There are 2 protein chains.
Amino acid sequence: MDIETAETPDLAKSKRDRILEAAATVFCQDGYTGASIDAVATKAGVSRQTIYNHVGDKDGLFKDVVAALTEKSAANFLLLMEDFPERPENLEAELTAFSARLLNHVTQNKTSRWLLKLAENESGRYPELFTVWREFGSGRKRSMVAAQLSQLALNGYLEFDDAALAARQYLALLTAEWRTEFQLGRFPSEEECAGMAERAVKTFLRAFARR
Amino acid sequence: MDIETAETPDLAKSKRDRILEAAATVFCQDGYTGASIDAVATKAGVSRQTIYNHVGDKDGLFKDVVAALTEKSAANFLLLMEDFPERPENLEAELTAFSARLLNHVTQNKTSRWLLKLAENESGRYPELFTVWREFGSGRKRSMVAAQLSQLALNGYLEFDDAALAARQYLALLTAEWRTEFQLGRFPSEEECAGMAERAVKTFLRAFARR
DNA sequence: ATATTTTTAGACACTATTGTCCAATTGGAC
DNA sequence: GTCCAATTGGACAATAGTGTCTAAAAATAT
């Protein structure tokens with residue numbers, strides 16, 4: 001489901017899910033202060049009172065949104081990481097394919113994008129919340145990537161001193177073009193993701209492939 | 001002057017400058033909707049009416065803030081770029097030194113940080129504004145870096161196919177650690193900038209230094 | 001010293017939002 | 001069909017913010 005066309009709430013989902021989903025979009029669009037409970041209620045196709053029944057108040061709503069997104073995002077990422085190549089026949093091709101999937105997930109997946117935007121915008125308001133997110137969210141992801149890269153190094157495909165740094169740089173290269181071109185509203189297509197992944201992996205391997 | 005300790009407005013500056021400076025901090029802290037004119041007035045040490053006299057309304061205030069920041073940031077960046085090494089004796093050392101200065105500027109300089117944060121947060125509200133910023137701000141910067149990298153390639157130090165891509169990846173590597181570690185409130189010290197620059201340049205040269 | 005412009009503080013109407021209360025309605029479980 | 005919990009819509013007070021107006025004060029120019 002697309003953000004822009006999601007005006008009709010999905011009646012199959014539970015009230016609670018619809019509230020959290022709607023709240024996520026509204027918070028991201030308007031920021032914490034700008035988001036109104038009424039707007040969330042309308043978008044969720046739910047009365048305002050129901051929201052208060054479920055989450056208490058605006059603070060509770062925000063915290064529940066972040067908690068739900070963090071959890072979902074982690075689960076998705078875990079699933080994705082299973083495809084990381086460990087003993088590839090063609091390193092560049094397989095790493096590129098994986099990277100394209102990863103990038104596609106990060107940029108297209110509503111959950112990831114929302115969480116990222118919320119983290120950037122509201123970290124000042126809820127530092128504790130995003131300390132947790134950083135540790136179990138982005139930090140956890142980076143260390144998963146680092147572990148896989150170490151595996152590749154061990155298997156003789158790569159060489160580097162610091163796996164954590166390599167992981168950070170890998171992710172930075174992968175999202176380099178997205179950050180500058182797409183973050184302001186637009187989202188890359190699958191083909192664009194594939195192109196970005198290809199260019200990122202090419203540079204990454206120029207730096208870290210075993211010679 | 002530090003953001004946190006800037007409670008006492010600088011009386012030497014013109015009213016207008018003080019208003020724009022205060023407005024920038026408040027907008028960044030609270031977002032467009034969350035920022036109140038009263039808060040800006042207090043922080044600027046100015047009456048609310050004066051703000052309305054100068055900039056018309058909240059929209060005008062926001063646009064003027066962005067305009068002022070864009071201009072200042074471009075000027076600063078131009079100045080910085082003059083130090084980019086063109087015929088270095090020690091490529092890695094000189095590029096690292098330049099990169100450290102660049103990173104320090106980007107992360108420490110109030111203007112840059114404010115603009116970046118505003119761009120990320122309010123791009124949905126003012127797409128035109130940030131299209132302009134992207135073209136003349138970040139886009140302009142990237143093409144300046146690309147030009148310098150091309151120069152280094154021409155002079156036999158580097159080799160790559162696409163200078164614009166190399167510039168993007170250079171900047172991505174340079175800010176990789178900052179994005180993940182520091183963006184949520186903390187700012188790197190000069191030493192930390194030096195370290196990040198060193199690691200970024202090392203990887204960049206592994207990928208692009210002429211062999 | 002005087003005239004002119006800028007600034008100030010506070011009052012003001014207007015709107016938006018939060019969070020609460022409640023009576024009426026709905027929907028599922030049994 | 002009856003019961004119980006969840007939900008609804010709407011009214012409500014309380015608060016906060018925008019933008020306007022005004023008369024007094026301050027700064028600036030002449």
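Everything numeric here is computed off the predicted structure, so don't read it as measured data. Letters A, B, ... mirror the listed sequences (proteins, then strands); counts begin at 1.
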> Which value, rounded to the nearest 0.5 Å, describes the distance between A:Ile19 atom CD1 and A:Asp64 atom CG?
Replying inline: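 Atom-to-atom, A:Ile19:CD1 and A:Asp64:CG are 10.0 Å apart.
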>> So, taking the atom named CD in A:Gln108 and the one named OG in A:Ser189, what distance separates them when rounded to the nearest 0.5 Å?
In response: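 The CD atom of A:Gln108 sits 8.0 Å away from the OG atom of A:Ser189.
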>> Quick one: does any side-chain atom of A:Gln169 pair with a main-chain N or O of B:Thr203 as donor and acceptor, under 3.5 Å?
In response: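 Not at all, since once roles are kept as given, no pair shorter than 3.5 Å links the two residues.
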Distances for protein N/O vs nucleotides 11-15 of chain C N/O pairs under 3.5 angstrom?
residue: C:dA11; atom: N6; partner: B:Arg48; partner atom: NH2; Å: 3.1

Polar atom pairs (N or O), protein with nucleotides 23-27 of chain C, under 3.5 Å:
none

Within 45° cone and under 6.0 Å: [X] NZ/CZ vs [Y] ring:
{"X": "A:Lys58", "Y": "A:Phe27", "result": "no"}
{"X": "A:Arg140", "Y": "A:Phe77", "result": "no"}
{"X": "A:Arg206", "Y": "B:Phe160", "result": "no"}

> Between B:Ser73 and B:Lys141, does any side-chain donor sit less than 3.5 Å from a side-chain acceptor?
Replying inline: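 Yes, side-chain donor-acceptor contact under 3.5 Å.
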> Between C:dT17, D:dT20, C:dT8, which nucleotide gets closest to the side-chain atoms of B:Ser47?
Replying inline: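 Nucleotide nearest to B:Ser47's side chain: C:dT8.
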>> Quick check on C:dT7: is either OP1 or OP2 less than 4.0 Å from any side-chain nitrogen or oxygen of B:His54?
In response: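 Looking at the OP1 and OP2 atoms of C:dT7, one of them is under 4.0 Å from a side-chain N or O of B:His54.
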For nucleotides 21-26 of chain D, give me every protein contact, N/O to N/O, under 3.5 Å, one pair per line with atom names.
residue: D:dC21; atom: N4; partner: B:Gln49; partner atom: OE1; Å: 2.4

> How do A:Gly34 and B:Asn53 order along DNA chain C: which one's closest nucleotide is nearer the 5' end?
Replying inline: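 That would be B:Asn53.
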> Should A:Met81 and A:Val145 count as side-chain neighbours, where that means a heavy-atom distance under 4.5 Å?
Replying inline: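 They are in side-chain contact.
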>> So A:Ala35, base contact, sugar-phosphate only, or nothing? Heavy-atom distance under 4.0 Å.
In response: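 The answer is sugar-phosphate, as A:Ala35 gets under 4.0 Å only of primed atoms, P, OP1 or OP2.
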